[in-house]
Amino acid sequence: MDLFVHYISLATKSIFIENILLAYFLGMCSFLAISKNVEASKGIGKAVIFVNALTVPLNWVINTYLLKEGALSWIGISALAYINLEFLRILCFIATIAALVQFVEMFIDKFSPTLYNSLGIFLPLITVNCSILGASIFMNERGYTFGESIVFGLSAGVGFYLAIVTMAAIRFKLTYSNVPDGLKGLGITMILTGLLSMAYLAFSGIQL
Amino acid sequence: MKNKYVFILTLTFVCSTLLALFSEGLKSKTLFNKELDKKKNILECVGIDIDALSNVEIINSFSVNIEEITLDISGNVIDNITHDKLKISNDNITGESKYYYLNVEYLPAYISANMNALIIPISGKGLWSTLYGYFAIDLTNYSTVKGITFYQHAETPGLGAEITKNWFKSSFIGKELYLKNELKSIKITKAGKANQSDLYEVDGISGATITSRGVEILLKRDLLKYQVYFRKNK
Amino acid sequence: MNKKIFLDPLIDNNPVSRQVLGICSALAVTVKLEQAIVMTLALTFVVTMSNVIISMLRKYIPSSIRIIVQLTVISTLVTLIDRTLMAYMYDVSKELSVFIALIVTNCIVMGRADAFAMQNKVKDSFLDGLGNGLGYGSMLILVAFFRELLGFGTLFDFRIISPQYNNGLMLLAPGAFIILGLIIWVQRSYTSYVEE
């Protein structure tokens, strides 16, 4: 029961209190480019949730059984227990992410060609989405357990989904407003995101 | 087909080798930095101004001013067990650190006779990560706070990470831990709400409620562990 | 011709305000000027070196795996920088840790590697990398200037404005977004660029 409450509090922290996009700024590039269209935003949001929920635990396994100090001791050869492959971490993490995204791409292409078409170039672009690599790096820095990494991966994705869909909805309403020339597009989106992020700051006073 | 795989495998091999060599070459310097950082934090905790010191001066200052001691959980000083013999075990949920030698738990600490302080390591959960730091107490009454520092954490810059800033750390200096003979520890209030003349509370960090509360909790918990030793020596 | 490659990304084709790349870190590491400068140097190194290496290898990289090759080269460079910082500037590396690693996914590096270095000579790629890195840096320094001044009242830790006038919001996420938005407004009005 205690563990369950711990997971709920981790999820709440990741989705609302310190949203990976609105508080950590990770995932801005795709956020800015895709939030023009609500359907595409939903699509990429779902893809991010899916990829995140899989890559963070997968990277946890690789980190624990391959990369950390003494990680290779499970093989049984005592000499290997001293090997520390931490310098390969970034390379390994990005490799698993690239591989997984490729897999997700093939999966979506097979089961929902319409979604695949609407996402277009953005699906492979998730590989270089800061929030995916960022979630894995946070998992490593904060020393999560396997269970925590699943919860964190899922919630970080959900947080991203929330932020991007909200922004898409706002920008849709904007099409009928009179935005000054210099602000059109990127400028007004930045300011709007600032306001959205201010709203999310209200969550920081929550005592869990 | 073959060309692709050969290319990427060669590239990966070259990159990994390069990284391995580079990493090994820099390893000793990085380890040195980590140890130096810990020493800096302990010195800063007792009030020694480290900004003006070079690395060599810091190492000298540490060996002159700071002495390692190891206690058992009943507060007795144990000779022969140096800190490097202790294995550290960290609780994943609370962030508490326990130190073991041959499966028996011990409490590491540092004494600075020159600065009249006892320094204990502290650790616990912030918002995201485990915070690691040191806490210095006055040797005369085992109640007045001499300083607090944090040397490792993964909190948010500008929010939780403010625990390493001077404004936060210096607010602890001069506060008291014990009222009559009971451990009150330090209460961390909402930012701006602390009564400055109250010796048992300090201001928390604006926008970082959970990190602030984490510090309050870990402080009391770790102080309780050493309480037997405090009481023996008061 | 060469001069244009270098000067273009500094203002007209600025990676942050015009190409809309590298926004993540432009917001995250601009709380203090010191952070912004270290980040700029790190990123400029990575984008310049990655451009050079990719450009040298461009005739040999099989097209189907080019993204993976670029990622491998970039990850290696970033790990090198990360280790160097840990060894020589330990305090700064503690503050920037996550964001140095995130240079790998910084759109500027990947963007320039794919769009420019794959098709151009080494010398031109070098200049392009340098220009983009510095263009990015100038935006970073600009944002950090305002955030540190208005938020802490200091510049490079030298006190300029007394603490009572500090606006804490500048140090948090919303401040970053809004300042960047305003800077972009000014820059785009100056270059008369309207996004459709």
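These values consider heavy atoms only, across backbone and side chains, with no hydrogens, waters or symmetry-generated copies. Each chain gets a letter, A, B and so on, in the order the sequences are listed, and its residues count up from 1. Model, not experiment: these values are computed from the prediction.
Ranked by heavy-atom pairs under 4.5 Å with chain A, the first of C/Leu71, C/Ile74, C/Val186, C/Leu182 is C/Leu71. Of the listed residues (C/Asn106, C/Asp82, C/Ile179, C/Thr79), the greatest number of heavy-atom pairs within a distance under 4.5 Å of chain A belongs to C/Thr79. In terms of heavy-atom pairs under 4.5 Å with chain C, the best-connected choice from A/Ile97, A/Ile191, A/Ile132, A/Asn140 is A/Ile191. The choice from C/Ile67, C/Thr72, C/Leu27 that makes the most heavy-atom pairs within less than 4.5 Å of chain A is C/Leu27.
Taking both residues in full, the closest heavy atoms of C/Ser75 and A/Ile90 are given as CB-CG2, 4.0 Å, listed atom of the first, atom of the second, then distance. Scanning both residues, C/Ala173 and A/Ala23, for their nearest heavy atoms gives CB-CA, 4.2 Å. For A/Gly194 against C/Pro174, the heavy-atom pair with the smallest separation is O-CB, 3.4 Å. Contact record, A/Met190 with C/Phe177: O-CB, 3.4 Å, taken as the closest heavy-atom pair. Across all non-hydrogen atoms, the minimal contact from C/Ala101 to A/Ile137 is CB-CD1, 3.3 Å. Listed here is the closest heavy atom pair of C/Trp185 and A/Pro180: CZ2-CG, 4.0 Å.
By the neighbour-count criterion of 12 heavy atoms within 6.0 Å, atom CZ of C/Phe126 is sparsely surrounded, having that number or fewer from other residues, nucleotides or ligands.
For A/Asn129, the part lying near chain C is the backbone, with the side chain staying farther off; criterion is any non-hydrogen pair under 4.5 Å. Interface remark: C/Ile68 contributes no atoms to any contact with chain A (heavy atom separation under 4.5 Å). For A/Leu21, the part lying under 4.5 angstrom from a heavy atom of chain C is the backbone only. Residue contact with chain C, scored on non-hydrogen atoms closer than 4.5 Å, is absent for A/Phe31. Both the backbone and the side chain of A/Leu133 come within contact range of chain C, each with at least one heavy atom under 4.5 Å from a heavy atom of that chain.
The closest side-chain heavy-atom distance from C/Thr105 to A/Leu26 is not below 4.5 Å.
The CG atom of C/Leu180 sits 10.0 Å away from atom CZ of A/Phe25, with the distance rounded to the nearest 0.5 Å.
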